[in-house]
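Start at 1 with the first residue, then count along the sequence.
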Amino acid sequence: TISDGAFYNAATNLTEFEFPKNLKVIGEMAFDQNNFEKIELPQSLSKIGDSAFYGSYFLEEIEIPKSVKLIGPSAFESCKNLQNVVFESEKTVLDSKAFDDTPWFDNMKGEFIIINSCLMAYNGKANKVVIPKEVKYVNQCFFKSNVKEIILPKGLKGIGYCGLAG
């Protein structure tokens with residue numbers, strides 16, 4: 001485990017880092033505001049903590065190994081140059097704002113923004129919203145105030161903090 005805040009404040013000077021091959025968890029804010037352009041995460045990794053790489057301005061791409069089960073809130077938020085994200089598994093669960101304020105996320109279009117069965121945003125204007133059946137988790141949707149009715153899919157496994165707030 002790389003502990004919470006392990007490289008907090010020191011991370012701005014880091015341009016590269018070799019992750020241990022047996023690493024399981026990257027803690028909260030572990031590499032907040034670093035200078036990485038690209039990182040190679042180990043195949044042993046299971047969790048990327050809250051704000052782990054928040055504000056990594058130079059990060060352009062990331063490949064999420066199939067071993068990663070959870071990406072915490074704001075893990076890659078405000079990575080202003082993040083253009084490409086590749087998931088080796090469709091089972092990785094994304095928590096709220098995991099990729100907010102990145103070009104990769106901001107360029108997504110459509111009424112529903114769904115990543116790996118996680119509903120990350122709702123951009124529609126309907127009064128009645130039927131969440132698609134492929135959605136297993138609802139995160140950060142911030143439904144508009146005109147929504148009067150929400151129909152949840154039968155296979156829904158979880159709703160995140162403020163997931164249905166409007």
Side-chain angles (χ1 to χ4, degrees), residues 4 23-32 36 38-57 59-166:
D4 296 351
L23 181 66
K24 300 280 186 214
V25 176
I26 296 175
E28 296 179 16
M29 299 177 70
F31 294 97
D32 185 85
F36 300 144
K38 184 178 179 185
I39 53 177
E40 291 185 35
L41 299 172
Q43 292 295 325
S44 59
L45 190 64
S46 63
K47 179 184 177 188
I48 300 172
D50 305 5
S51 302
F53 293 94
Y54 180 94
S56 298
Y57 184 82
L59 187 62
E60 295 178 358
E61 62 182 294
I62 183 75
E63 186 170 322
I64 308 297
K66 63 183 173 190
S67 58
V68 174
K69 304 294 181 228
L70 176 67
I71 298 176
S74 303
F76 294 93
E77 184 177 357
S78 294
C79 292
K80 300 291 188 181
N81 286 301
L82 187 59
Q83 300 285 339
N84 189 34
V85 179
V86 175
F87 292 92
E88 290 183 359
S89 171
E90 294 179 8
K91 294 181 180 180
T92 302
V93 174
L94 284 73
D95 213 323
S96 61
K97 297 186 174 188
F99 290 93
D100 271 22
D101 199 22
T102 66
W104 178 75
F105 185 77
D106 292 345
N107 288 329
M108 292 185 177
K109 305 288 185 229
E111 182 178 22
F112 296 98
I113 305 300
I114 302 169
I115 305 170
N116 285 2
S117 300
C118 300
L119 177 57
M120 303 302 290
Y122 172 72
N123 298 319
K125 296 178 178 149
N127 289 332
K128 180 179 179 180
V129 177
V130 178
I131 296 178
K133 64 182 176 184
E134 70 264 22
V135 171
K136 301 293 181 218
Y137 300 94
V138 176
N139 293 320
Q140 76 173 65
C141 289
F142 309 120
F143 286 97
K144 312 297 185 261
S145 59
N146 65 324
V147 174
K148 306 290 185 220
E149 184 178 358
I150 300 170
I151 308 296
L152 301 173
K154 291 186 189 296
L156 190 68
K157 293 182 178 181
I159 299 173
Y161 179 74
C162 292
L164 299 177

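Closest approach of G55 to C79, counting heavy atoms only: N-SG, 4.3 Å. Residues K157 and Y137 come closest through the heavy atom pair CD-OH, 3.5 Å. Between K80 and P103, the shortest heavy-atom contact is O-CG, 3.2 Å. Closest approach of L119 to A121, counting heavy atoms only: CD1-O, 3.3 Å. Nearest heavy atoms, P132 versus P153: O-CG, 3.7 Å. Looking at every heavy atom in both residues, G49 comes nearest to A75 through O-CB, 3.7 Å.
By the 4.5 Å heavy-atom criterion applied to side chains, I131 and L156 are not counted as neighbours. Proximity of I48 to L41: side-chain heavy atoms (C-beta onward) are separated by under 4.5 Å at one or more points. Annotation: side chain of E60 is not in contact with side chain of N84 (no heavy-atom distance under 4.5 Å). For the pair I115/M108, a side-chain contact is recorded, criterion being any heavy-atom separation below 4.5 Å from C-beta on.
How far OG of S74 is from CD1 of I71: 12.0 Å, rounded to the nearest 0.5 Å. Interatomic distance, CD of E61 versus NZ of K38, reported as 4.5 Å (0.5 Å rounding). Expressed to the nearest 0.5 Å, how far CG of N81 lies from CG of L59 amounts to 9.0 Å. The distance from atom CG of D106 to atom CG of D100, rounded to the nearest 0.5 Å, is 7.5 Å. In this structure, E111 CD and I113 CD1 are separated by 10.0 Å, a value rounded to the nearest 0.5 Å. Interatomic distance, NZ of K91 versus CG of L70, reported as 15.5 Å (0.5 Å rounding).
With hydrogens and angles disregarded, a donor-acceptor distance shorter than 3.5 Å links the side chain of N116 to the backbone of S89. Proximity of a side-chain donor or acceptor of S67 to a complementary backbone N or O of L45 within less than 3.5 Å is detected. Put simply, the side chain of D4 gets close to the backbone of E28: a donor and an acceptor are under 3.5 Å apart. Judged purely by atom type and a 3.5 angstrom limit, T102 uses its side chain to pair as donor or acceptor with the backbone of F105. Side chain of T92 to backbone of V68: a donor-acceptor contact under 3.5 angstrom is found. A donor-acceptor pair under 3.5 Å links the side-chain atoms of E88 to the main chain of K66, judged by distance alone. Panel note: side chain S96, backbone P73; no donor-acceptor pair is recorded below 3.5 Å. No donor-acceptor pair under 3.5 Å is formed between the side chain of D95 and the backbone N or O of D50. Here the side chain of N139 pairs no donor or acceptor atom with the backbone of M120 at under 3.5 angstrom.
In this structure, F36 and F31 have tilted ring planes: the angle between them lies in the 30° to 60° band.
In this structure, F87 places its CZ atom where more than 12 heavy-atom neighbours from other residues, nucleotides or ligands lie under 6.0 Å away. In E40, the CD atom is not crowded: 12 or fewer heavy atoms of neighbouring residues, nucleotides or ligands sit closer than 6.0 Å.
Y54 and F76 have their aromatic ring centers separated by at least 6.0 angstrom.
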